[in-house]
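Because the structure is predicted, anything quoted here is derived from the model rather than measured.
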Amino acid sequence: MAKSEGSGDDEDWNYGNWTSDASQREEDEYHDALASAAALVGENVLDSPTRTSRVLQLNSALHAPDLNESRPQNHVPTRVIPPPLTPENANALSVGIMAQGFAWVRKQREGRKRMYLRNQAERQLQILKEAQRAEESQKAATGNNSVFSNILYPFSQKSDSDRRSTCDEEEEEDENRQKPSISGDGVSVELSLQAEREDLDAEFIPPVRVEPEDDLESNPYILSSTQMQQIAVHVLPRSIAYCRWKRQYSLARDGDDFDMCLRFIKDDSKTLLIVRTTKGDVFGGYADTTWEPHGHGGTNFFGGSTACLFKVVDGNVKPYKWTGANRYVQLCDTSHKRIAFGGGGEDGAFGLCLQEDFQVGSTGHCATFDNEPLCEDGNFYIVDLEVFGFLVGQF
């Protein structure tokens, strides 16, 4: 037992020596530098053979020869005897030599650092070479089925004819999708959205949440919760589909007043309008721009590309997206007290138009949304109307 304790003490003693090895080396280097500097100082102070030239350099400013002075051709310059070494000169000379000693120590330390970094770089290079050899051996054993080859170079395995045919097919599809717009401004593009992508989007959109109201039992929403969810998936843009809804205006609750409706929704840049007719038809539209008059009396169209019309068929929502055929998206005509979606239809028909303080309206085919009439009869009477806003930043 005593022997075991003695061996433990030896290990502790060795560990203490090992930990202090680095600091000991630095201290030894420091003392070596001091010794070298002191030796050099002693060499100068004790009238070494090089003392004269060093002192001469220190006092060159006091005994500089005059280059402009005229001298005979056979003139032999006399030797300049330097003044005796003073304490001030000795101190200056000693300080300079000490600095040289410390510079030598720093140089040795930097050399060791460079050596260490070079050894580390060579070690990493050796590891990379070994990994490369292992990859090549695995590739030879598996018949060039390495993971990196399959991921990085799948296209290179195709022949030139296959690559050319693939590029030609993509260019032909792009040409078929693009066509000049009817208005003559820009190009309209047809996009197809696969059913799998729509199903995937529906999975990520949370259930619609509406700001609670006190009189909801006496004034319920026109759409059911299922239809609201379909609106969020198929009608609203993704930037709005996650936001909370708030019913800003209701005809049954607030009365049939056109100006009052505009005051209620003036601060909403994006709104959803829902209409129910006396025959039970339900339809509406999404507006991506604030409802306010543009031009004299509101005779100019406005709006963006995310606007949309929709109608409810057999309990399901059917959307009509913007086609790009024209820019007749929204109209807010305060002089005639009407708001409308879409234009460019036959005989000047709107996609959806509400007027006379939301008492009557009309619908027809329009080029803006390429929609069929939203109800069986082109003209209809309104029994209820709602306008929802979206609380951006609140989920």
Side-chain angles (χ1 to χ4, degrees), residues 208-225 227-228 231 235-236 240 243-295 297-299 301-303 307-312 317 329-342 350-364 373-392 394:
V208 174
R209 289 163 293 176
V210 186
E211 284 289 286
E213 299 180 10
D214 297 334
D215 58 345
L216 188 59
E217 295 182 358
S218 60
N219 186 24
Y221 302 127
I222 297 176
L223 297 177
S224 64
S225 58
Q227 293 169 348
M228 286 183 177
I231 291 289
V235 175
L236 300 181
I240 299 299
C243 297
R244 191 184 297 270
W245 295 21
K246 182 177 181 180
R247 186 164 62 173
Q248 302 287 22
Y249 172 79
S250 172
L251 188 147
R253 182 190 64 190
D254 304 318
D256 53 351
D257 191 331
F258 178 84
D259 296 328
M260 180 185 296
C261 176
L262 292 185
R263 287 197 302 270
F264 285 172
I265 64 176
K266 66 179 181 179
D267 296 329
D268 294 280
S269 59
K270 298 172 176 57
T271 52
L272 180 69
L273 186 146
I274 306 169
V275 178
R276 180 165 59 195
T277 68
T278 54
K279 294 185 177 181
D281 297 324
V282 177
F283 47 82
Y286 166 74
D288 59 2
T289 308
T290 304
W291 287 104
E292 57 186 3
H294 287 67
T299 56
F301 281 87
F302 58 95
C308 180
L309 288 178
F310 68 90
K311 70 176 181 178
V312 178
V317 175
V329 181
Q330 295 176 235
L331 179 68
C332 183
D333 188 357
T334 55
S335 59
H336 296 85
K337 293 187 177 183
R338 64 179 177 183
I339 58 177
F341 284 91
F350 295 105
L352 174 61
C353 180
L354 309 177
Q355 54 190 1
E356 297 183 11
D357 285 330
F358 304 134
Q359 295 183 11
V360 297
S362 62
T363 177
L374 302 180
C375 63
E376 185 176 357
D377 298 331
N379 299 320
F380 54 86
Y381 290 95
I382 302 172
V383 66
D384 199 1
L385 183 144
E386 293 175 341
V387 180
F388 285 88
F390 301 95
L391 304 179
V392 179
Q394 301 183 24

Please lay out, stage by stage, how C353 and R338 fare under the test side-chain contact (heavy atoms from CB on, under 4.5 Å). CA-CA 7 Å; C353 180; R338 64 179 177 183; 4.2 Å; yes
Reported CG-to-CD1 distance for the pair L272 and I265, which is rounded to 0.5 angstrom: 11.5 Å
Close aromatic pair by centroid cut-off 6.0 Å: Y221 and F388: yes
For the CG atom on D214, are there more than 12 heavy atoms of other groups (residues, nucleotides or ligands in this structure) within a distance under 6.0 Å? no
Identify the two heavy atoms, one from F310 and one from G285, that lie closest to each other, and give their separation to 0.1 Å. CE2-N, 3.3 Å
Is it true that R244 and E211 make a salt bridge, defined as a side-chain N closer than 4.0 Å to a carboxylate O? yes
Quick one: list whatever passes salt bridge (charged side-chain N to carboxylate O under 4.0 Å, His left out) with K279, sequence neighbours left out. D377
List the atom of F301, the atom of L331, and the distance in Å for their closest heavy-atom pair. CE2-CB, 3.9 Å
Work out which heavy atom in G303 is nearest to a heavy atom in T289; give both atom names and the distance. CA-OG1, 3.4 Å
Criterion side-chain contact (heavy atoms from CB on, under 4.5 Å) on L352 and L374, from CA distance to verdict: CA-CA 8 Å; L352 174 61; L374 302 180; 4.1 Å; yes
Hey, what do you get for CZ (R253) to CG (L216), rounding to the nearest 0.5 Å? 10.0 Å
For A340, is there any backbone N or O sitting under 3.5 Å from a side-chain donor or acceptor partner on Q330? no
Determine yes or no for a side-chain-to-main-chain donor-acceptor pair under 3.5 angstrom, with S250 supplying the side chain and D254 the backbone. no
What pairs meet the side chain to side chain donor-acceptor pair (under 3.5 Å) rule with one or both residues in residues 352-363, with sequence neighbours excluded? none
Kindly state whether the ring of Y286 and the ring of W245 have centres lying under 6.0 angstrom apart. no
In sequence, state the C-alpha distance, the side-chain angles, and the governing distance for I382 and T277, and then conclude on side-chain contact (heavy atoms from CB on, under 4.5 Å). CA-CA 5 Å; I382 302 172; T277 68; 5.8 Å; no
I want to check something: taking the side chain as every heavy atom from C-beta on, are L354 and L273 in contact at a cut-off of under 4.5 Å? yes
Does the separation of the ring centres of F358 and F258 fall below 6.0 angstrom? yes
Euclidean distance, K311 NZ relative to L309 CG, rounded to 0.5 Å: 11.0 Å
Any chance you could measure M228, atom CE, to S225, atom OG, to the nearest 0.5 Å? 8.0 Å
Is the distance from the ring center of F283 to that of F380 below 6.0 Å? yes
Salt-bridged, K270 to D288, with N to O below 4.0 Å? no
Working to the nearest 0.5 Å, report the span between OG of S269 and CD of E292. 10.5 Å
Do D268 and Q248 have side chains that approach each other closer than 4.5 Å (heavy atoms only, starting at C-beta)? yes
Would you say the side chain of P293 lies within less than 4.5 Å of the side chain of T334, judging by non-hydrogen atoms? yes
When you compare the side chain of L236 with that of I231, does any pair of heavy atoms fall below 4.5 Å? yes
Non-hydrogen atoms of D281 and E376 that approach each other most closely: OD2-N, 4.4 Å
Could you go through V275 and E386, starting from their C-alpha distance and side-chain angles, then the distance that decides it, and tell me whether this counts as side-chain contact (heavy atoms from CB on, under 4.5 Å)? CA-CA 7 Å; V275 178; E386 293 175 341; over 6 Å; no
Indicate the ring-plane relationship of F302 and W291, choosing parallel, tilted or perpendicular according to the 30° and 60° boundaries. perpendicular
SB check E213 R247 (cutoff 4.0 Å): yes
Does Y249 use its side chain to pair, donor to acceptor, with the backbone of G255 at less than 3.5 Å? yes
Look up atom CG in L385 and atom CD1 in I274, then write down how far apart they are to the nearest 0.5 Å. 8.5 Å
